[in-house]
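Read the structure below first, then the notes.
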Amino acid sequence: AQQGRIREKAYGKQKIYFADQEQLPAASDAELRSLDGEIAALSGKVQALQQSCRQMEAELKDLNSSMTTHEMAREIEELRKDCASYTEKLERIKSATNHVTPEEKEKVCSEQKLYCKEWRRRKRMATELLEAILEGYPKSKKQFFEEVGIETDEDHNVTLPAAV
């Protein structure tokens, strides 16, 4: 600083030293424009490289998350085994001789309707009878059912099938 090559500024107890720019040669406007152009070209190059880097990172991420050739071959083999077992099962079902005929199916369905109808009728009759008894009973419905030993469909989570 005493020789004049760098400058000194004092801020309170602190001193800051910096290069004396007056000793540096001044750049002409043409040099400044060429440097600005060079900066712009390099900035564009940096952006292009960053974009390319992002694309490559995305491609790398996709490749890392995809299956390898060995894994893919193993997966294909497992799928072929599954397909073969399902085909075999389908052939067994098709070749089975104990198919249900439409007449048997209709018979079973009509019997189910008959039994469900009878279930509803008997449940309604039992409910009406129990309601009549409970009119003169001094305790609650729940206590009466426990005392007599009545179990309802609701106690066993049983519901009537929907009427078809």
Side-chain angles (χ1 to χ4, degrees), residues 9-18 35-164:
K9 271 200 175 181
Y11 290 104
K13 294 181 180 180
Q14 296 179 343
K15 292 182 180 180
I16 297 177
Y17 296 93
F18 56 93
L35 289 174
D36 286 342
E38 196 176 326
I39 288 172
L42 290 174
S43 295
K45 193 173 183 180
V46 165
Q47 287 179 345
L49 288 172
Q50 286 175 336
Q51 178 66 25
S52 174
C53 184
R54 281 193 292 271
Q55 288 174 345
M56 288 181 182
E57 285 175 348
E59 186 177 342
L60 178 64
K61 184 179 175 187
D62 287 345
L63 291 174
N64 284 339
S65 66
S66 65
M67 295 175 130
T68 64
T69 305
H70 179 69
E71 291 171 339
M72 190 69 72
R74 193 171 60 235
E75 182 73 18
I76 289 172
E77 188 60 35
E78 288 177 22
L79 290 172
R80 284 190 177 138
K81 286 178 184 177
D82 289 347
C83 186
S85 68
Y86 289 137
T87 304
E88 181 183 326
K89 188 175 179 180
L90 179 62
E91 289 302 319
R92 279 195 316 246
I93 291 171
K94 283 183 177 179
S95 66
T97 57
N98 59 352
H99 293 296
V100 177
T101 63
E103 294 82 22
E104 290 174 328
K105 182 180 175 184
E106 183 61 37
K107 181 182 174 192
V108 169
C109 288
S110 64
E111 285 180 0
Q112 185 204 18
K113 287 179 187 176
L114 175 70
Y115 294 141
C116 286
K117 183 179 174 184
E118 190 65 24
W119 184 1
R120 282 187 186 84
R121 189 178 69 81
R122 289 183 183 199
K123 184 173 180 174
R124 187 178 61 247
M125 288 178 8
T127 304
E128 289 173 359
L129 182 65
L130 290 171
E131 292 296 326
I133 293 171
L134 285 171
E135 282 180 12
Y137 192 72
K139 297 180 184 173
S140 71
K141 182 178 181 179
K142 184 178 179 181
Q143 289 173 332
F144 175 70
F145 281 10
E146 281 183 20
E147 198 173 294
V148 177
I150 296 174
E151 294 177 356
T152 63
D153 293 341
E154 291 77 21
D155 291 342
H156 296 280
N157 295 323
V158 177
T159 57
L160 276 165
V164 180

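Everything numeric in this text was worked out from a predicted model, so none of it was measured.
- No donor-acceptor distance shorter than 3.5 angstrom exists from the side chain of Q14 to the backbone of Y11, with no hydrogens or angles considered.
- Taking R122 as the reference, E118 meet the side chain to side chain contact (heavy atoms under 4.5 Å, CB included) condition, with sequence neighbours excluded.
- For the pair E59/Q55, no side-chain contact is recorded, criterion being any heavy-atom separation below 4.5 Å from C-beta on.
- Between the OG1 atom of T87 and the NZ atom of K94 there is a distance of 9.5 Å, given to the nearest 0.5 Å.
- Among residues at least two apart or in separate chains, ring-ring contact (aromatic ring centres under 6.0 Å, His included) pairs with a member in residues 104-138 are Y137-F144.
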>> Working note: E146 + Q143, criterion side-chain contact (heavy atoms from CB on, under 4.5 Å); need CA distance, chi angles, decisive distance, verdict.
In response: CA-CA 5 Å; E146 281 183 20; Q143 289 173 332; 5.7 Å; no
> Passes side-chain contact (heavy atoms from CB on, under 4.5 Å), L129 versus M125? Steps please.
Replying inline: CA-CA 6 Å; L129 182 65; M125 288 178 8; over 6 Å; no
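- Ion pairing between a basic and an acidic side chain is recognised when a charged N comes within 4.0 Å of a carboxylate O; E88 and R92 show such pairing.
- With sequence neighbours excluded, the residues satisfying side chain to side chain contact (heavy atoms under 4.5 Å, CB included) with S52 are M56.
- The closest side-chain heavy-atom distance from S43 to Q47 is not below 4.5 Å.
- Between R54 and Q51, the shortest heavy-atom distance links the atoms NH2-OE1, 3.0 Å.
- Ion pairing between K123 and E154 holds under the 4.0 Å rule for side-chain N and carboxylate O.
- Of the inter-residue distances, the one linking C109 atom SG with K105 atom NZ reads 6.0 Å to the nearest 0.5 angstrom.
- L79 CG to Y86 OH: the interatomic distance, rounded to the nearest 0.5 Å, is 10.0 Å.
- In this structure, a donor-acceptor pair under 3.5 Å is present between the side chains of D155 and T152.
- Here the closest non-hydrogen pair linking P161 and R120 is O-NH2, 2.7 Å.
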